[in-house]
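One structure is given here, and the rest of the page talks about it.
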Amino acid sequence: MIKVSAPGKLILFGEHAVVHGRPCIVTAINHRMCATIDKRNDDKIVLNAPDVGIKNYKISLSELDKEYPKGARFALTAVKNFFRKYKVRSGLSIKTKCGFSSKFGFGGSSAVTVCIIKGLAKLFGIKISNRELFNFSYKTVLGIQKVGSGFDVAAAVYGGTLFFVTGGKIIERINVKTLPLVVGYTGIKADTPTLVKMVNEKKIKYPSLIDPIFNLSKEKVIAAKKALENNDLEVLGELMNFSHGLLTTIGVSCRELDKLVFAARKAGAYGAKLSGAGGGDCMIAVVAKKKRKQVEEAIIEAGGEPIPVVTNTEGIRIEKS
Ligand code: PMV
């Protein structure tokens, strides 16, 4: 039996622009996805993923090409692609357990894909490098989602805090410590593919307006990388404020996110911004230790839910089973 776990993620800078060839910065967080995989003596694949409503879902190996229920898509597509690529086959029992609610955009789908592929490689004795794991997992995720830069897959594989360019053209570890972040959830589940498509349509309609914003995003990511390396929280906060402004300009913020962002700033955060596709989900703020409690209270007061998060954590790992 093999047990693997991979971290969820938070994007710190560069969302949306990263879909269009610019860099972003992503950090792996302490909330992890875990998968347990075992071979079976029959030709069945049995999946238990209670966090996404899948209980004892059973299919035969010959049915792997059919449509799966929503909660089973990433895990079973990963199995199907793995069997195809490495020309192996076996009945399997798979259990997944997510250390965070699937309502948060912490990258559960990418983390589960990475866990299954890594776990199967271990189970079948196939050596797979982190680069191969990234490429294969990203291809699998993209096959299902159709859109996405792959930054969440990179965080699940490599962990740490990464300077990342679309599709993994650059995946570079940034030398940082854990960041003092406050994360606030708006209570709204975001729909990432819809927002990515909306930005894409705007870019087609107004290229001369949107492209310069993406170029500014790139400059800001480069500046943020420096600030992270220097542990300059003040500059990081200011860059977060710029960043939220740019994301608002392309139309992906919303009233609920703005409320939390402004409340955090008012309560003394160095800076705050939305994190991810926008339209809800989470915001992040860089906060001095002595201001943390104040900022968390301000987020609650503004209708949000603070989520305790540690950044810069370990990537994929085999757990003791
Ligand atoms: O919504 P999230 O947290 O998965 O972040 C999406 C970030 C985008 O840049 C909008 C999309 C992507 O795949 O990079």
Side-chain angles (χ1 to χ4, degrees), residues 7-19 24-33 51 98-111 148-149 151-152 155-156 161-162 164 178-196 199 217 221 224 236-237 239-248 250-267 269-287 291-292 295-313:
K9 56 75 194 165
L10 270 177
I11 189 161
L12 301 179
F13 292 96
E15 45 273 267
H16 287 288
V18 68
V19 179
C24 75
I25 296 175
V26 58
T27 191
I29 60 171
N30 58 330
H31 303 274
R32 300 180 78 84
M33 171 68 74
D51 308 298
C98 194
F100 51 89
S101 163
S102 61
K103 69 183 181 185
F104 304 141
F106 285 171
S109 309
S110 294
S149 63
F151 76 103
D152 40 6
T161 301
L162 305 170
F164 176 90
T178 294
L179 258 189
L181 283 190
V182 169
V183 179
Y185 180 60
T186 54
I188 303 167
K189 192 169 165 35
D191 179 0
T192 302
T194 304
L195 282 149
V196 169
V199 172
S217 174
V221 165
L236 267 180
L239 291 169
M240 282 196 175
N241 293 343
F242 279 131
S243 179
H244 190 74
L246 294 185
L247 290 163
T248 304
I250 62 170
V252 297
S253 192
C254 62
R255 207 162 60 90
E256 291 80 358
L257 276 168
D258 287 347
K259 263 179 89 174
L260 304 194
V261 164
F262 286 105
R265 287 181 197 162
K266 197 166 167 221
Y270 288 114
K273 65 181 278 290
L274 70 87
S275 169
D281 201 33
C282 292
M283 50 70 71
I284 53 177
V286 198
V287 178
K291 297 270 172 74
R292 170 169 291 270
V295 171
E296 283 174 349
E297 279 167 7
I299 284 173
I300 295 170
E301 182 74 14
E305 176 191 341
I307 311 164
V309 165
V310 178
T311 67
N312 204 40
T313 61

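Everything numeric here is computed off the predicted structure, so don't read it as measured data.
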Please answer whether the main-chain N or O of [Y] pairs with a side-chain N or O of [X] as donor and acceptor at a distance below 3.5 Å.
X	Y	answer
Ser275	Leu12	no
Ser149	Val19	no
Asp152	Gly107	no

Side chain to side chain contact (heavy atoms under 4.5 Å, CB included) between Met33 and Asp51: does it pass, once the steps are laid out?
-> CA-CA 10 Å; Met33 171 68 74; Asp51 308 298; 5.7 Å; no
Could you name each residue pair satisfying salt bridge (charged side-chain N to carboxylate O under 4.0 Å, His left out) that touches residues 270-281, not counting sequence neighbours?
-> Glu15-Lys273
Provide the full list of salt bridge (charged side-chain N to carboxylate O under 4.0 Å, His left out) pairs with a residue in residues 180-191, sequence neighbours left out, each pair given once.
-> none
Please round to the nearest 0.5 Å and tell me the distance separating atom [atom1] of [X] and atom [atom2] of [Y].
X	Y	atom1	atom2	result
Phe106	Asn30	CZ	CG	9.0 Å
Met240	Ile284	CE	CD1	3.5 Å
Leu162	Cys24	CG	SG	8.5 Å
Leu257	Tyr185	CG	OH	10.5 Å

For residues 258-266, please give each side-chain donor-acceptor pair under 3.5 Å, one per line with the distance, not counting sequence neighbours.
from, atom 1, to, atom 2, distance (Å)
Asp258, OD1, His244, NE2, 2.8
Asp258, OD1, Ser253, OG, 2.7
Arg265, NE, Asn241, OD1, 2.7
Arg265, NH2, Asn241, OD1, 3.3
Arg265, NH2, Ala272, O, 3.1

Check whether any side-chain heavy atom of [X] sits under 4.5 Å from a side-chain heavy atom of [Y], and report yes or no.
X	Y	result
Tyr270	Leu236	no
Cys282	Val183	yes
Arg292	Val182	yes
Leu246	Phe13	no

Search all heavy atoms of [X] against all heavy atoms of [Y] and return the closest pair with its distance.
X	Y	answer
Ile299	Gly184	CG2-CA, 4.1 Å
Gly279	Cys254	C-SG, 3.7 Å
Gly99	His31	O-ND1, 3.6 Å
Ala269	Val295	N-CG2, 3.9 Å
Lys9	Ala155	CB-CB, 3.6 Å
Gly8	Phe100	CA-CE2, 4.2 Å

Kindly write out the residues that satisfy side-chain hydrogen bond (donor to acceptor under 3.5 Å, both in side chains) with [X], not counting sequence neighbours, or none if the list is empty.
X	value
Thr178	none
Glu297	Lys293
Thr161	Thr27, Asn312

Take Thr186 and Met283 through the side chain to side chain contact (heavy atoms under 4.5 Å, CB included) test and state the conclusion after the steps.
-> CA-CA 8 Å; Thr186 54; Met283 50 70 71; 5.6 Å; no
Among Leu181, Ile25, Ile307, side-chain contact (heavy atoms from CB on, under 4.5 Å) partner for Leu10 | Leu181
